[in-house]
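Some notes on the structure that comes next.
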Amino acid sequence: MRSVTYSMSISLDGYIVGPDGGFDWTAPSEELFRFATDEVREAGVHLLGRRLYETMLYWESTDQNPSLDFSTLEFAEIWKQLPKVVFSTTLSTVQGNARLASGRLAEEVERWRAEPGDGNIAIGGATLAAEAAASGLIDEYRVRVCPVLVGGGVPFFPRHGRRVDLELVETRTFAPHVVYLRYRVVREPAGPPSPR
């Protein structure tokens, strides 16, 4: 069954966007960019909120700039081919290999889990990820921790008032001082049926 993954760069104090709306401190090194490209390559679909979708529209036409380096063009090609589902109440159309969500988030996740094929179900955007986390849909949290404290903004980890146990399955360090942490959600095995 396909896993649902939530992956973003964050500040050390846990924000994906600072209080001023900026995220320039997330600019990756070449090594980290290649790693992020491989992560996108592993996805079978990307579910996005409106703001992240609009930010990522850059990659729909960037391959038309011949002066860009190979790794940038490679990411653009992978991103353009990746199926995307956009959750928005304000957009009426989307571009590229994307469609507007026709159902609720849990329905879309279950539909993609049921379809044959490989690749993770990637979730992007803090609001959409918070909804997924509150519904218990996220299987893995993948965090690239940047060496900066921004003091507020949009948090990576949703505040849904319940405990979630995690298992650390991978760590890596990238220049300049970015630490990657990959956690799997610990699911309690189903116990024996209760006596009636």
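Positions are given from 1 along the sequence.
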Same cluster for Leu48 and Leu91 if Ile/Leu/Val/Met/Phe/Trp/Tyr side chains link at under 4.5 Å? yes
Go through it in stages, so that I can follow the logic: the residues are Tyr53 and His46, the test is side-chain contact (heavy atoms from CB on, under 4.5 Å), and I'd like the CA-CA distance, side-chain angles, deciding distance and then a yes or no. CA-CA 10 Å; Tyr53 164 74; His46 206 295; over 6 Å; no
Between the CG atom in Asn120 and the CZ atom in Arg142, the distance rounded to the nearest 0.5 Å is 5.0 Å
Kindly determine whether Glu31 and Arg172 satisfy side-chain contact (heavy atoms from CB on, under 4.5 Å), including the steps that lead there. CA-CA 11 Å; Glu31 179 189 22; Arg172 285 184 65 176; 4.0 Å; yes
Please check: side-chain N/O of Lys84 versus main-chain N/O of Trp79, any donor-acceptor pairing under 3.5 Å? yes
For residues Glu60 and Gly96, report the shortest heavy-atom separation together with the two atoms involved. OE1-CA, 3.7 Å
What distance separates Glu131 CD from Ile123 CD1, expressed to the nearest 0.5 Å? 8.5 Å
Mind checking whether Phe157 and Tyr141 have parallel, tilted or perpendicular rings, split at 30° and 60°? tilted
Could you tell me how the ring of Phe35 sits relative to the ring of Tyr180: parallel (under 30°), tilted (30 to 60°) or perpendicular (over 60°)? perpendicular
Ionic contact status for Arg144 with Glu39, cut-off 4.0 Å: yes
Using every non-hydrogen atom in the two residues, find where Ala126 and Pro155 come nearest and quote the distance to one decimal. CB-O, 3.9 Å
Ignoring hydrogens, what is the shortest heavy-atom contact between Thr26 and Cys146? Give both atom names and the distance. CA-SG, 4.1 Å
Between Leu128 and Leu105, which heavy-atom pair has the shortest distance, and what is it? O-CD2, 3.6 Å
State yes or no: do Phe87 and Leu137 share one hydrophobic cluster built from I, L, V, M, F, W and Y residues joined by side-chain heavy-atom distances below 4.5 Å, directly or via other members? yes
With a cut-off of 6.0 Å (strictly less than), are more than 12 heavy atoms of other residues, nucleotides or ligands near CZ of Arg2? yes
Applying the 4.5 Å side-chain criterion to the ILVMFWY set and letting contacts propagate, would Ile138 and Val154 be lumped into a single cluster? yes
Answer yes if Phe33 and Met8 sit in the same cluster of Ile, Leu, Val, Met, Phe, Trp and Tyr residues linked by side chain heavy atoms under 4.5 Å apart, and no otherwise. no
Side chain of Ser71, backbone of Arg34: donor and acceptor closer than 3.5 Å? no
Short N-O contact, Glu107 and Arg111, less than 4.0 angstrom: no
Give, for atom CZ of Phe156 and atom CD1 of Ile16, the distance between the pair rounded to the nearest 0.5 Å. 8.0 Å
Check whether any side-chain heavy atom of Pro147 sits under 4.5 Å from a side-chain heavy atom of Val178, and report yes or no. yes
Measure across Trp112 and Val85 and return the closest heavy-atom pair with its distance rounded to 0.1 Å. NE1-CG2, 3.8 Å
Using the salt bridge (charged side-chain N to carboxylate O under 4.0 Å, His left out) rule, collect all pairs that involve residues 85-106, keeping only residues at least two apart or in two chains. Arg99-Glu108
Looking at Asp139 and Arg187, is there a salt bridge between them, counting it only when a charged N and a carboxylate O are closer than 4.0 Å? yes
Looking only at non-hydrogen atoms, find the nearest pair between Val148 and Asp13 and report the distance. O-OD1, 4.0 Å
Output for pair (Leu32 CG, Thr173 OG1), nearest 0.5 Å, gives 11.0 Å
Drop me the distance from Ile121's CD1 to Met1's CE, to the nearest 0.5 angstrom. 8.5 Å
Does the distance from a Lys or Arg side-chain N to an Asp or Glu carboxylate O, for Glu110 and Arg113, drop under 4.0 Å? yes
Looking at Asp165, I'd like to know if its CG atom is crowded, meaning that more than 12 non-hydrogen atoms belonging to other residues, nucleotides or ligands lie closer than 6.0 Å. yes
Heavy atoms from other residues, nucleotides or ligands near CZ of Phe23 exceed 12 (cutoff 6.0 Å): no
Give the intermediate values and the outcome of side-chain contact (heavy atoms from CB on, under 4.5 Å) for residues Trp59 and Thr72. CA-CA 9 Å; Trp59 296 101; Thr72 303; 3.6 Å; yes
Give a yes or no answer on whether the side chain of Asp20 reaches the backbone of Gly22 with a donor-acceptor pair at less than 3.5 Å. yes
Give a yes or no on whether the backbone of Gln81 and the side-chain of Asn97 come within a donor-acceptor separation of less than 3.5 Å. yes
Euclidean distance, Arg41 CZ relative to Glu77 CD, rounded to 0.5 Å: 11.0 Å
Treat each ILVMFWY residue as a node, draw an edge where side-chain heavy atoms are under 4.5 Å apart, and state whether Tyr6 and Leu166 are in one component. yes
